[in-house]
Protein chains: 2
Amino acid sequence: MTPRRSDALSRERIVEATIQILDSEGESALTVRAVTARLSTGRGAIYHHVTNKDDLLAAAADGVIGPVLAGTAGDDDPRRAIRALTLGIFEAIDGHPWVGAQLNRDPMQIAVLDIWKNLGGRLHALGLSGKALTDAGAALVNYVLGAAAQHAAGARRAADDAARQDYLDRLAHEWAQQDADPLVQESASLLRDHDDRAQFLAGVDIFLAGIASDSAGIASDSAGIASDSAGIASKSAGIGSKSAGIGSKSG
Amino acid sequence: MTPRRSDALSRERIVEATIQILDSEGESALTVRAVTARLSTGRGAIYHHVTNKDDLLAAAADGVIGPVLAGTAGDDDPRRAIRALTLGIFEAIDGHPWVGAQLNRDPMQIAVLDIWKNLGGRLHALGLSGKALTDAGAALVNYVLGAAAQHAAGARRAADDAARQDYLDRLAHEWAQQDADPLVQESASLLRDHDDRAQFLAGVDIFLAGIASDSAGIASDSAGIASDSAGIASKSAGIGSKSAGIGSKSG
DNA sequence: ACCTGAACACCGTTCAAGT
DNA sequence: ACCTGAACACCGTTCAAGT
């Protein structure tokens, strides 16, 4: 904010311009030509600060996700923190649909790593460890990223919501066709009118219920054990925060 | 197989050539020039049978997923069928990593719709209906597609497995760094040496446990109710089968 | 109706040349 | 060291012209 002269190109300024383009014009509008035009510089200049377009997209995604993760540091209840964390990611993707696609492109990118670390910390605070922890962490991360991608793709496809209704109609219709059972018919119509946000949270709760249940491999009462390890959760949430600057050209 | 002259171009032959290119040379090698070269035809010829590259990719993904769904029609036990169905999808994506990315690109494509219909049918056979059914269906589809994308991206990234180990090392190390707790250390090391396939199935079981639990919103014993509605499952599995030819140019 | 292939309007990335 | 912008090696898609 302080230096607003055309001082110098920097990774931060490039990422900032990238996010602006993606938010306002969509993923297809992101070209290095568009970035250099917005920064009024030469085509090859950005390659001094960024390895390539993939690096640029990963940095932009982290620029959106990083602050979301940092914002959930305060909560001490693991379940509530997990709901807040996952909902925060969902809403970030709702507001920046291109992030949904980007997070599913590379499990090695910083933003995905940060999500893993934060959710992993919360699950540990819930009493999980060992294989149960990695299995639960992977399941939750995969669910969140999958839901993010599907929701984002739906949002991208239907800026005016018409095509989206069209899609849900079609899915509901085809689904209903395969069975005359009134229960199936009812479900199909629910599919048409559901709220993505509520449905996303319902999915998070299904996973939390599955993790708490015995068949998923955890001892007994998971909520009670969490008391002394709850401290790591708030610590872990802060780690992913200012990561927008990390991982510059090493890819 | 029978007509192997250069008889005529058709949507099927084009999709077949597309799958071959994607399997043997990867997603970056799929250009319409590569497709027309393999079919020794003119550049614009394929646009008589296919709307655009997106349509081509969706058809190719359905060409892989369709037979997988059709192959699980026999099972009468919903839980076992869900495990077989999801594992089949996972293994198809393991063998064709480009499918993992493609399924996450558009929730409206046939392959995703077919997955929804099949899993939805099985969940209904499990005794779910109404909001519980759509919530569970969305959660399971999102988990499967998310896991698929992450696994596929990992597989694509590391043909030789070296970069993959590198990634897991890095994640484990960063994760372990945030806490000295031996349980976290242990989990981090497990992260390094886990089996993607087993972890995927563990996630499916977490989900199934979550559905069975009361807190996810289902009545009581879900397995017992399924007896009379189990019939629709085998029917539903057949619907997605020969869909490679459907949805030609309407997009 | 189906096919051809040149043409169009773009891409990401590189690199000699400048400051 | 950082930046420029022309050049390179590509893309997906269209469309007049052929059969």
Whole-Å distance between C:dG5 P and B:Leu9 CG? 13 Å
Expected output: side-chain B:Asp94 to main-chain B:Phe90 donor-acceptor under 3.5 Å: no
Counting side-chain heavy atoms from C-beta on, which of C:dC3, C:dG12, D:dC3 comes nearest to A:Val32? C:dG12
A:Ile46 atom CD1 is separated from D:dC2 atom C1', nearest whole Å, by 14 Å
Quickly work out the B:Asn52 CG to D:dG12 P distance and round it to whole Å. 11 Å
On a whole-Å scale, what distance lies between the P atoms belonging to C:dA9 and D:dA9? 22 Å
Do you know which two heavy atoms are closest between B:Ala61 and B:Leu103, and how far apart they sit? CB-CD2, 4.3 Å
Proximity to the side chain of A:His49 - top-ranked nucleotide from D:dC3, D:dG12, C:dC11: D:dC3
If you assign each of A:Ala45 and A:Arg33 to its closest nucleotide in DNA chain C, which residue comes earlier from the 5' end? A:Arg33
Tell me the interatomic distance from A:Leu56, atom CG, to C:dC11, atom P, rounded to whole angstroms. 15 Å
Give the minimum heavy-atom separation between A:Pro107 and B:Gly154, together with the two atoms involved. CG-N, 3.9 Å
D:dA17 -> Watson-Crick or G-U wobble partner, both distances under 3.5 Å, gives none
Between B:Lys53 and B:Glu27, is there a salt bridge with N-O shorter than 4.0 Å? no
In whole Å, what is the span from the NZ atom of B:Lys53 to the P atom of D:dT13? 8 Å
Would you mind reading off the distance between B:Ile14 atom CD1 and D:dT13 atom P, rounded to a whole angstrom? 13 Å
With no hydrogens and no angle check, just 3.5 Å: does a side-chain donor-acceptor pair link B:Gln102 and B:Gln109? yes
Hey, does B:Leu30 reach any base, or is it just sugar-phosphate, or nothing, if we go heavy atoms under 4.0 Å? sugar-phosphate
Taken to the nearest whole Å, CZ/B:Arg11 to C1'/C:dC2 is 17 Å
What is the distance, to the nearest angstrom, from the NE2 atom on A:His48 to the C1' atom on C:dA16? 12 Å
Taking N and O atoms by type only, does the side chain of B:Arg43 place a donor or acceptor under 3.5 Å from a partner on the base of D:dG12? no
Identity of whatever pairs with D:dC3 - Watson-Crick or G-U, under 3.5 angstrom: none
Base-pairing mate for C:dG12 - Watson-Crick or G-U, with both contacts under 3.5 Å: D:dC8
Given D:dT14, D:dC3, C:dT13, identify the nucleotide with an atom nearest to the side chain of A:Tyr47. C:dT13
